[in-house]
Asker: 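First, the structure itself, so that you have it in front of you.
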Amino acid sequence: MASHNTASSESHQVLVQDKQFVKSLILNRPKQLNALSRYMVSRLLELFLAYEEDPSVKLVLLKGNGRAFCAGGDVSAVVRDITEGDWRSGASFFQKEFILNYVMATYKKPQVSILDGIVMGGGAGASIHGRFRIVTENTVFAMPETALGLFPDVGASYFLSRLPGFFGEYVGLTGTRLDGPEMLACGLATHFVHSTKLSLLEEELYEANLDDPLNICEIFDKYAEQPVLKEKSAYRKLHIIDKCFSHRTVEEILSSLENENAERHGDWISASIESLKRASPTSLKISLKSIREGRLQGIGECLIREFRMVCHVLQGEVSRDIFEGCRAILVDKDKNPKWNPSRLDLISDDMVNHYFSRVKDQGWMDLKLPTKSNLPASAMAKL
């Protein structure tokens, strides 16, 4: 009986609405800020694959119920699974999630993500790879993984490395929060629409001739606004970000920020220094290398490498920071993680490189991505 109840409650975690040629998928765990459970990842993958082959579906729309689009993958549940079983049970969650990210990145049909609220970590993976990303005055974006002992995954080494200058390193290492206008300015979002106009925009999509992609763009252009970047936005200081975050090592980035702070004290600079000093030193080093490698790789290569990395993180051979980060941030919430290794200078290049190597565990295999053909130019460009 218990398993039946679990299955029925899980089935409500992703709601499906049919309107003409549009399938609307609604992430529905509002109390958990729509954090992606195993069921949600499996269900989304199943639906996206089915809709891609269904000629009656012209567009897939993804949104969240409540004040979040999606606050990330349910990492604490994954860590609990590992504690009760072994690291492979956690790896299976990421395996399916990364395949979903790949399917979205190479999707043949338009995917519209309405990011009206919190979008972090795994939530970014479920949206940023899609063709259209709509942000509002309520949007809050972050990749907070380095504070958890993880690294920006879900293909983030692909999309962060393609932001202007070294803004991706800044966002990925510090876990800083961006609002809707900042996401639009740096290219993480494609359109800014005021939340009061979203229902009208959706209604027009349901009624439009979706065979012509230009019709979709015209609808968005009709409702989109060009918002003003807030005066204190770090994006206005991209020249300083580039100067600091272009350095080869995390130590040099931190030292450069401290020099800048001494010369021209700025809120975002001191906040960046504080975030980097609070984050897991191991996470910072592997995250920087990951984003740098991502610049020269396609989305598939990025996800295959990130899967290797996440398996090493879960195995905990070099560092068990993911378990300590989850304890301190998500479980006990004392926000005082004891990282090990505790300092950047204690982490050698060999230790970092270990995360990028094949996993030496019997039966382990690299991430296998689905073979796709007849891809549109927008998807081909990512390979």
Side-chain angles (χ1 to χ4, degrees), residues 36 38 41 45 72-73 75 78-79 81-82 85-106 121-122 124-126 128-129 143 145-146 148-162 168-169 172-173 249-250 279-326 341 347-371 382-383:
L36 295 172
R38 284 180 187 271
V41 171
L45 180 57
V75 179
V78 172
V79 166
D81 287 351
I82 297 170
D86 69 52
W87 70 271
R88 285 171 177 272
S89 61
S92 67
F93 171 85
F94 289 99
Q95 180 181 34
K96 194 155 273 190
E97 185 180 26
F98 290 6
I99 291 170
L100 173 65
N101 301 145
Y102 183 76
V103 167
M104 289 175 164
T106 57
I128 303 299
H129 295 297
M143 297 301 288
E145 288 84 358
T146 60
L148 277 175
L150 195 51
F151 61 92
D153 57 341
V154 296
S157 63
Y158 178 84
F159 64 75
L160 289 179
S161 65
R162 280 155 179 81
E169 278 89 338
L173 295 181
T249 66
V250 179
S280 152
T282 305
S283 290
L284 290 174
K285 289 210 168 187
I286 65 173
S287 298
L288 180 60
K289 183 175 170 66
S290 178
I291 294 168
R292 294 279 157 89
E293 290 201 0
R295 264 194 178 82
L296 305 172
Q297 295 177 329
I299 181 61
E301 293 170 293
C302 284
L303 287 164
I304 289 166
R305 171 178 43 70
E306 288 176 12
F307 184 63
R308 286 185 180 186
M309 293 173 69
V310 87
C311 287
H312 284 297
V313 166
L314 299 177
Q315 273 187 307
E317 295 164 321
V318 174
S319 166
R320 294 185 59 81
D321 279 358
I322 179 70
F323 303 97
E324 175 59 10
C326 277
I347 302 157
S348 67
D349 288 348
D350 283 347
M351 290 162 78
V352 172
N353 292 336
H354 178 75
Y355 285 90
F356 294 75
S357 63
R358 283 180 64 84
V359 175
K360 293 180 176 66
D361 199 85
Q362 194 171 1
W364 181 88
M365 291 171 73
D366 266 327
L367 183 66
K368 290 278 186 290
L369 296 168
T371 307
K382 300 176 186 175
L383 299 179

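Predicted, not measured: the structure shown is a model, and the values here were computed from it.
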Asker: Taking all non-hydrogen atoms of both residues into account, name the closest pair between Val352 and Ile347 and its distance.
Answerer: CG2-CG2, 3.8 Å
Asker: Do Val78 and Phe94 have side chains that approach each other closer than 4.5 Å (heavy atoms only, starting at C-beta)?
Answerer: yes
Asker: Determine yes or no for a side-chain-to-main-chain donor-acceptor pair under 3.5 angstrom, with His312 supplying the side chain and Ser357 the backbone.
Answerer: yes
Asker: Do you know the tightest heavy-atom contact between Gly168 and Ile291?
Answerer: O-CD1, 3.9 Å
Asker: When rounded to the nearest 0.5 angstrom, what is the spacing between CD in Glu317 and SG in Cys311?
Answerer: 10.5 Å
Asker: Scan for salt bridge (Lys or Arg N to Asp or Glu O under 4.0 Å) pairs involving residues 287-296, sequence neighbours excluded, and state none if there are none.
Answerer: Glu169-Arg292, Glu169-Arg295, Lys289-Glu293, Glu293-Arg305
Asker: Should the pair His129 and Tyr158 be assigned to parallel (<30°), tilted (30 to 60°) or perpendicular (>60°) ring geometry?
Answerer: tilted
Asker: Evaluate side-chain hydrogen bond (donor to acceptor under 3.5 Å, both in side chains) for Ser157 paired with Glu306, printing each intermediate quantity in order.
Answerer: CA-CA 8 Å; Ser157 63; Glu306 288 176 12; 2.5 Å; yes
Asker: When you compare the side chain of Leu150 with that of Val310, does any pair of heavy atoms fall below 4.5 Å?
Answerer: yes
Asker: Give me the atom names and distance for the closest heavy-atom approach of Leu36 to Gly122.
Answerer: CD1-O, 3.8 Å
Asker: Hey, could you give me the CZ/CD1 distance between Phe159 and Ile299, rounded to the nearest 0.5 Å?
Answerer: 8.5 Å
Asker: Provide the closest heavy-atom pair for Ser287 versus Phe151 in the form atom of the first, atom of the second, distance.
Answerer: OG-CB, 3.2 Å
Asker: In chain order, what residues pass the side-chain hydrogen bond (donor to acceptor under 3.5 Å, both in side chains) check against Ser319, with sequence neighbours excluded?
Answerer: Asp321
Asker: How would you list, by chain and number, every residue that makes a salt bridge (charged side-chain N to carboxylate O under 4.0 Å, His left out) with Arg88, sequence neighbours excluded?
Answerer: Asp361
Asker: With sequence neighbours left out, what residues match Ala279 under side-chain contact (heavy atoms from CB on, under 4.5 Å)?
Answerer: Thr146, Leu284
Asker: Apply salt bridge (charged side-chain N to carboxylate O under 4.0 Å, His left out) to Arg320 and list each qualifying residue two or more places apart in sequence or on a separate chain.
Answerer: none
Asker: Once you round to the nearest 0.5 Å, how far does OG of Ser280 lie from CG of Leu148?
Answerer: 10.0 Å
Asker: What I'd like to find out is whether the side chain of Glu145 reaches to under 4.5 Å of the side chain of Asp153, using heavy atoms alone.
Answerer: yes
Asker: Apply side-chain contact (heavy atoms from CB on, under 4.5 Å) to Leu303 and Ile99, showing your working.
Answerer: CA-CA 8 Å; Leu303 287 164; Ile99 291 170; over 6 Å; no
Asker: For a 4.5 angstrom cut-off between non-hydrogen side-chain atoms, does Val313 reach Ile286?
Answerer: yes
Asker: Under 4.5 Å between any side-chain heavy atoms of Asp366 and Arg358, yes or no?
Answerer: yes
Asker: Can you tell me how far CG of Leu314 sits from OG of Ser89, rounded to the nearest 0.5 angstrom?
Answerer: 8.5 Å
Asker: Please round to the nearest 0.5 Å and tell me the distance separating atom CH2 of Trp364 and atom CD of Gln315.
Answerer: 9.0 Å
Asker: What pair of heavy atoms forms the shortest contact from Met143 to Ala156, and how long is it?
Answerer: CE-CB, 3.7 Å
Asker: Quick test of your reading: applying side-chain hydrogen bond (donor to acceptor under 3.5 Å, both in side chains), list the pairs with at least one residue in residues 91-103, sequence neighbours left out, ordered by first then second residue.
Answerer: Arg38-Ser92
Asker: Just how far is it from atom OG of Ser283 to atom CE of Met309, taken to the nearest 0.5 Å?
Answerer: 9.0 Å
Asker: I'd like to know whether Val75 forms a side-chain contact (heavy atoms from CB on, under 4.5 Å) with Ile322, so could you lay out the CA-CA distance, the side-chain angles of the two residues, the decisive distance to 0.1 Å, and finally the verdict.
Answerer: CA-CA 9 Å; Val75 179; Ile322 179 70; 4.1 Å; yes
Asker: How close do Leu160 and Gly172 get, heavy atom to heavy atom, and via which atoms?
Answerer: CD1-CA, 3.8 Å
